[in-house]
Amino acid sequence: VQLQASGGGLVQAGGSLRLSCAASGRTFSRYAMGWFRQAPGKEREFVAAISWSGGSTYYADSVEGRFTISRDNAKNTVYLQMNSLKPEDTAVYSCAARGYAISFVGDDYGYWGQGTQVTVSS
């Protein structure tokens, strides 16, 4: 599966952005999907994940209550709605897919899209 992330940009603290990750292929609905981010000089960190059906979701503590992951299997797309953004949310956000159960571990994912830059100004 090939992944294409979009929707990043520059936003003021307290603002919102919605990231999208479009997947190619007809088996998208079989994949658990995740969002990860990497800030300059820092390691990649887990943000959110969703099961193939959308029935289960995981969030990092740092984004719980502010971010919402969702998916539309008919459109082969997963979304990350980001509200109440903070400067510490600034990073390159990447989407990933794995053909197994939902996971918050980056190394569990076999397919990655290119990242999209999110910059939150104070």
Side-chain angles (χ1 to χ4, degrees):
V1 61
Q2 292 184 324
L3 306 173
Q4 179 77 36
S6 62
L10 173 64
V11 64
Q12 289 188 333
S16 298
L17 282 174
R18 188 176 82 155
L19 305 184
S20 299
C21 177
S24 64
R26 294 175 291 178
T27 59
F28 173 75
S29 61
R30 301 179 185 177
Y31 290 88
M33 300 295 296
W35 285 98
F36 294 80
R37 67 187 182 187
Q38 188 166 18
K42 295 186 177 181
E43 293 187 353
R44 182 180 64 197
E45 66 171 342
F46 168 74
V47 176
I50 189 167
S51 62
W52 65 271
S53 67
S56 296
T57 55
Y58 287 165
Y59 294 95
D61 289 344
S62 58
V63 307
E64 180 83 50
R66 299 188 298 121
F67 291 10
T68 302
I69 188 170
S70 62
R71 67 189 296 160
D72 185 337
N73 287 342
K75 295 182 178 180
N76 281 10
T77 302
V78 63
Y79 305 98
L80 185 68
Q81 178 66 44
M82 305 186 295
N83 299 329
S84 302
L85 283 161
K86 304 175 181 180
E88 51 264 43
D89 294 319
T90 295
V92 174
Y93 285 71
S94 300
C95 57
R98 72 186 302 256
Y100 299 97
I102 189 173
S103 172
F104 58 87
V105 179
D107 288 346
D108 287 345
Y109 289 79
Y111 303 94
W112 290 82
Q114 96 298 344
T116 185
Q117 176 71 46
V118 171
T119 303
V120 185
S121 63
S122 57

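Just so it is clear, the model here is predicted, and its values are computed rather than measured.
For the pair Ser62 and Arg37, the minimum side-chain heavy-atom distance is below 4.5 Å. Contact of the Met82 side chain with the Phe67 side chain is registered, since non-hydrogen atoms from C-beta on lie closer than 4.5 Å.
Here Gln12 contributes atom CD and Ser122 contributes atom OG; the two are 9.5 Å apart, rounded to the nearest 0.5 Å. We find the CG-SG distance between Asn76 and Cys21 to be 10.0 Å, quoted to the nearest 0.5 Å. Here the OG-CD1 distance, from Ser51 to Ile69, works out to 9.5 Å after rounding to the nearest 0.5 Å. A distance of 8.0 Å separates OG in Ser94 from CZ in Arg44, rounded to the nearest 0.5 Å. Summarising the geometry, atom CZ belonging to Arg71 is positioned 9.0 Å from atom CH2 belonging to Trp52; distances are rounded to the nearest 0.5 Å.
Nearest approach of Cys95 to Ala5, heavy atoms of both residues: SG-CB, 4.1 Å. Between Asn83 and Ser16, the shortest heavy-atom contact is OD1-OG, 2.9 Å. Nearest heavy atoms, Pro87 versus Ala13: CD-CB, 4.1 Å. Of all heavy-atom pairs spanning Asp72 and Tyr79, the tightest one is CB-CE1, 4.1 Å. The shortest non-hydrogen separation linking Ser56 to Ile102 is O-CD1, 3.5 Å.
Heavy atoms of other residues, nucleotides or ligands lying less than 6.0 angstrom from CD of Glu88 number more than 12.
Tyr93 and Leu3 fall within a single hydrophobic cluster, where Ile, Leu, Val, Met, Phe, Trp and Tyr side chains are chained together by heavy-atom contacts under 4.5 Å. When hydrophobic clusters are built by joining Ile, Leu, Val, Met, Phe, Trp and Tyr residues whose side-chain heavy atoms come closer than 4.5 Å, directly or via intermediates, Ile50 is not grouped with Trp112. Leu80 and Val118 fall within the same hydrophobic cluster, where Ile, Leu, Val, Met, Phe, Trp and Tyr residues are linked whenever their side-chain heavy atoms come under 4.5 Å apart, directly or through other members. With hydrophobic clusters built from ILVMFWY side chains whose heavy atoms lie under 4.5 angstrom apart, Tyr109 does not share a cluster with Leu19. Hydrophobic clustering, with ILVMFWY side chains joined whenever heavy atoms are under 4.5 angstrom apart, groups Tyr59 together with Trp35.
Side-chain contact check for Gln4 and Ser6: no donor-acceptor pair (N or O, by modelled atom type) lies under 3.5 Å.
Using modelled atom types, one side-chain atom of Ser24 and one backbone atom of Gln2 make a donor-acceptor pair closer than 3.5 Å.
Between Asp107 and Arg98 no salt bridge is recorded (no basic side-chain N to carboxylate O distance below 4.0 Å).
Evaluation of the disulfide (SG to SG under 2.5 Å) test over residues 31-66, restricted to residues two or more places apart or in two chains, returns none.
Using bins of under 30°, 30° to 60° and over 60° for the plane-to-plane angle, the ring pair Phe46/Phe36 lands in the perpendicular bin.
Checked options Leu85, Thr90, Asp89; the residue passing with Thr119 is Thr90 (criterion: side chain to side chain contact (heavy atoms under 4.5 Å, CB included)).
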